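Supplied in structure tokens, the structure appears directly below.
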There are 2 protein chains.
Amino acid sequence: MAMTVKERVENVASELTASERKLASALLADYPYAGLVSIQELAKRAEVSAPSITRFVAKIGLGGYQEFQRDLLLELKEGEKSPVELQDRGGRPAGGYLSDFIGRATALMADSAQAITEDQFARICKLLSDPQRSIYALGGRASNTIAFQLSFHLRQARKDVFHLPSDVETWPEYLLRMRSGDALFIADFRRYQTDLERLAEKASARGVRIVLMTDKWLSPVARHAAEVLAVPIESGTLWDTYTPALAVIEAIVTRIAEDNWEQTRTRIRAWDEVRIKERDSDK
Amino acid sequence: MAMTVKERVENVASELTASERKLASALLADYPYAGLVSIQELAKRAEVSAPSITRFVAKIGLGGYQEFQRDLLLELKEGEKSPVELQDRGGRPAGGYLSDFIGRATALMADSAQAITEDQFARICKLLSDPQRSIYALGGRASNTIAFQLSFHLRQARKDVFHLPSDVETWPEYLLRMRSGDALFIADFRRYQTDLERLAEKASARGVRIVLMTDKWLSPVARHAAEVLAVPIESGTLWDTYTPALAVIEAIVTRIAEDNWEQTRTRIRAWDEVRIKERDSDK
DNA sequence: GCATCTAAGAAAATATTTTTTCAGTCAAGA
DNA sequence: TCTTGACTGAAAAAATATTTTCTTAGATGC
């Protein structure tokens with residue numbers, strides 16, 4: 001599938017029949033959108049019959065109209081990404097490595113604001129700040145640090161925040177402690193961990209509301225989740241970045257801290273005092 | 001068709017059910033392409049049933065899945081033509097809390113590319129990838145997670161990476177192990193921890209090269225550091241964000257992984273194998 | 001002018017997709 | 001604890017899309 005549809009058409013251009021040429025013109029005139037409608041509509045627009053299209057598609061070496069459309073769609077998706085997004089948005093194309101990387105991350109982050117509605121954001125903040133519920137959090141191997149950022153800051157704003165250790169052995173203990181209505185925050189990006197799905201399943205069975213942060217391919221945990229935060233991350237590539245995920249998490253904890261400012265301040269102060277006392281007693 | 005599909009989704013966001021929200025996330029995470037596949041495929045990807053999609057489409061005020069796809073296609077076609085409009089639509093200036101927050105973070109991140117020269121970046125990458133040296137890392141209370149991101153990924157690309165525990169008591173042990181020429185990565189943002197400065201001082205005395213990541217007010221650790229990465233962070237405010245710091249760290253580890261790709265791949269594979277074996281023996 | 005062949009569309013057959021119906025499940029409230 | 005109501009997905013039904021078959025029209029060579 002190294003060939004684009006357009007290339008395929010050009011390759012066979014010389015051996016096309018009259019109506020096939022008509023079709024090719026119509027397709028190339030509004031490429032690739034013309035090919036993304038139903039075969040009948042395309043037939044009408046190109047003023048040929050549907051069977052001619054089927055034959056045409058076979059002629060350019062594709063298995064059928066569906067495959068043809070799938071290919072066009074993939075091209076479209078790819079095309080959008082590389083030339084436009086990577087160069088245009090990322091700023092200096094000839095910049096250095098660092099500014100290049102940061103350019104990409106910046107673009108992705110801007111996207112993440114789009115991918116999550118304010119409504120969902122508000123709902124999740126409300127859920128995680130509800131003092132009636134206990135909050136449990138954890139993440140996958142690489143994303144655990146991100147999840148930890150959430151529990152760390154959340155702990156400053158409210159009580160009953162628990163971060164599950166990575167060690168699977170300890171999970172049952174936490175599971176038993178979870179009560180219906182509690183919330184479990186899970187960050188899981190590719191490559192997904194089956195451990196997490198099992199955990200989610202059991203927690204979900206106990207009536208725990210699961211908030212999942214994942215990438216666009218959706219972790220299997222999504223099956224059990226009440227809320228899915230899908231952040232746009234080029235997860236799985238060497239060019240990974242978790243910055244959009246971090247930004248969303250920071251937005252959540254900041255919002256919660258703001259809304260419960262009095263309480264947060266009190267908690268931080270109390271916490272500081274304990275820390276200072278401990279240190280003094282060390283001396 | 002004055003409304004885009006995305007707008008429609010946002011309009012009804014508050015009255016969506018659990019699986020509809022899941023669907024909305026999946027759609028927005030890969031908008032609009034996610035919606036251009038068959039209803040069944042979308043159902044599979046979003047982990048909901050096809051009927052739920054039909055109901056969802058009706059809920060956002062469209063006549064059916066076909067109409068939904070037609071609209072998405074039209075948007076795509078339009079959007080391609082005028083990038084200006086796309087930008088206009090996307091970045092609501094009067095957006096909500098989340099987009100506001102992300103907007104700030106994005107701006108800060110763009111700045112951070114400016115604040116660090118490519119030269120310094122390259123120097124640090126070289127230092128941290130040098131197999132002759134051992135690498136030690138840690139961070140302050142809040143920034144430890146960020147530092148951890150560095151040691152976690154660095155560990156995949158090379159040997160001899162150690163993350164110091166938060167517990168001060170254990171530090172002397174690590175200090176004694178450090179040798180002249182080793183590198184110590186410290187992340188320290190306001191409010192600074194005096195612990196860290198003492199650690200830096202002792203390490204520095206042993207000939208350890210210290211790389212400091214801090215904010216523009218410069219942690220006291222800077223005194224002993226060979227390299228200071230000052231990332232623009234509104235540290236100390238309620239509106240904190242570590243995203244620029246994370247971006248820089250990710251850029252560093254990505255660069256190092258790329259430069260030592262063969263080795264990194266080998267290490268990751270070996271690592272995976274051990275993990276899988278462990279899991280198997282659990283059974 | 002006739003036979004023959006290719007190409008194209010109509011219609012039928014097939015495959016696929018979309019929608020509706022319906023029964024089970026789960027959470028919230030009495 | 002029980003009831004109620006809303007949500008959900010499995011399965012069936014309906015609609016639609018795609019492909020195949022078959023017939024006709026037109027071109028070409030004899």
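Just so it is clear: chains get the letters A, B, ... in the order the sequence lines come, proteins before strands, and each one is counted from 1. Predicted, not measured: the structure shown is a model, and the values here were computed from it.
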*Using a 4.0 Å heavy-atom cut-off across all strands, classify A:E20 as base, sugar-phosphate, or nothing.*
nothing
*Identify, between B:Q40 and A:A205, the residue whose nearest nucleotide on DNA chain C lies closer to the 5' end.*
B:Q40
*To the nearest Å, give me how far apart CZ (B:F56) and P (C:dT18) are.*
16 Å
*asked:* Tell me the closest heavy-atom pair linking A:L218 and B:A26, and the distance in Å.
replied: CD1-CB, 3.9 Å
_Results of side chain to side chain contact (heavy atoms under 4.5 Å, CB included) for A:K22 - residues two or more places apart only_ = A:E47, A:V48
*With DNA chain D as reference, determine whether B:K59 or B:P51 sits nearer its 5' end, using the nearest nucleotide of each.*
B:K59
*Could A:R141 and A:F189 be counted as a cation-pi pair, given that NZ or CZ must be under 6.0 Å from the ring centre and within 45° of the axis?*
no
*Indicate whether the side chain of A:D160 and that of A:Y136 have a donor and an acceptor atom separated by less than 3.5 Å.*
no
_Between B:E75 and B:T4, do the side chains contain a donor N or O and an acceptor N or O under 3.5 Å apart?_
no
*Tell me whether the guanidinium CZ or amine NZ of B:R45 lies under 6.0 angstrom from the six-membered ring centre of A:W217 and within 45° of its axis.*
no
*Specify the separation, in whole Å, of atom CD1 of A:I53 and atom P of C:dA7.*
17 Å
_Distance-only polar pair, side chains of B:T145 and A:Q149, donor-acceptor under 3.5 Å_ = yes
*Interatomic distance, A:K22 NZ vs C:dA7 P [rounded to whole Å]*: 15 Å
*Could you give the CZ-to-P distance, from A:R55 to C:dA7, as a whole number of Å?*
10 Å
*asked:* Quick check against the 3.5 Å criterion: does A:Q156 have a side-chain atom that pairs as donor or acceptor with the backbone of A:S151?
replied: no
*Check whether NZ of the Lys or CZ of the Arg B:R104 lies under 6.0 Å from the centre of the six-membered ring of B:F101 and within 45 degrees of that ring's axis.*
no
*Take atom CZ of B:R70 and atom P of C:dT18, then tell me their distance rounded to the nearest Å.*
15 Å
*Choose from C:dA11, C:dT19, C:dT17 the nucleotide whose nearest atom is closest to any side-chain atom of B:T54.*
C:dT19
*To the nearest angstrom, how far is B:Q66 atom CD from C:dT19 atom P?*
7 Å
*asked:* Of all nucleotides in DNA chain D that come within under 4.0 Å of a heavy atom of chain A, which is furthest toward the 5' end and which toward the 3' end?
replied: D:dA17 to D:dT20
*When you match A:S204 and B:A50 each to their closest nucleotide on DNA chain C, which lands nearer the 5' end?*
B:A50
*Those residues of residues 218-230 of chain A lying under 4.0 Å from DNA chain C by at least one heavy atom*: none
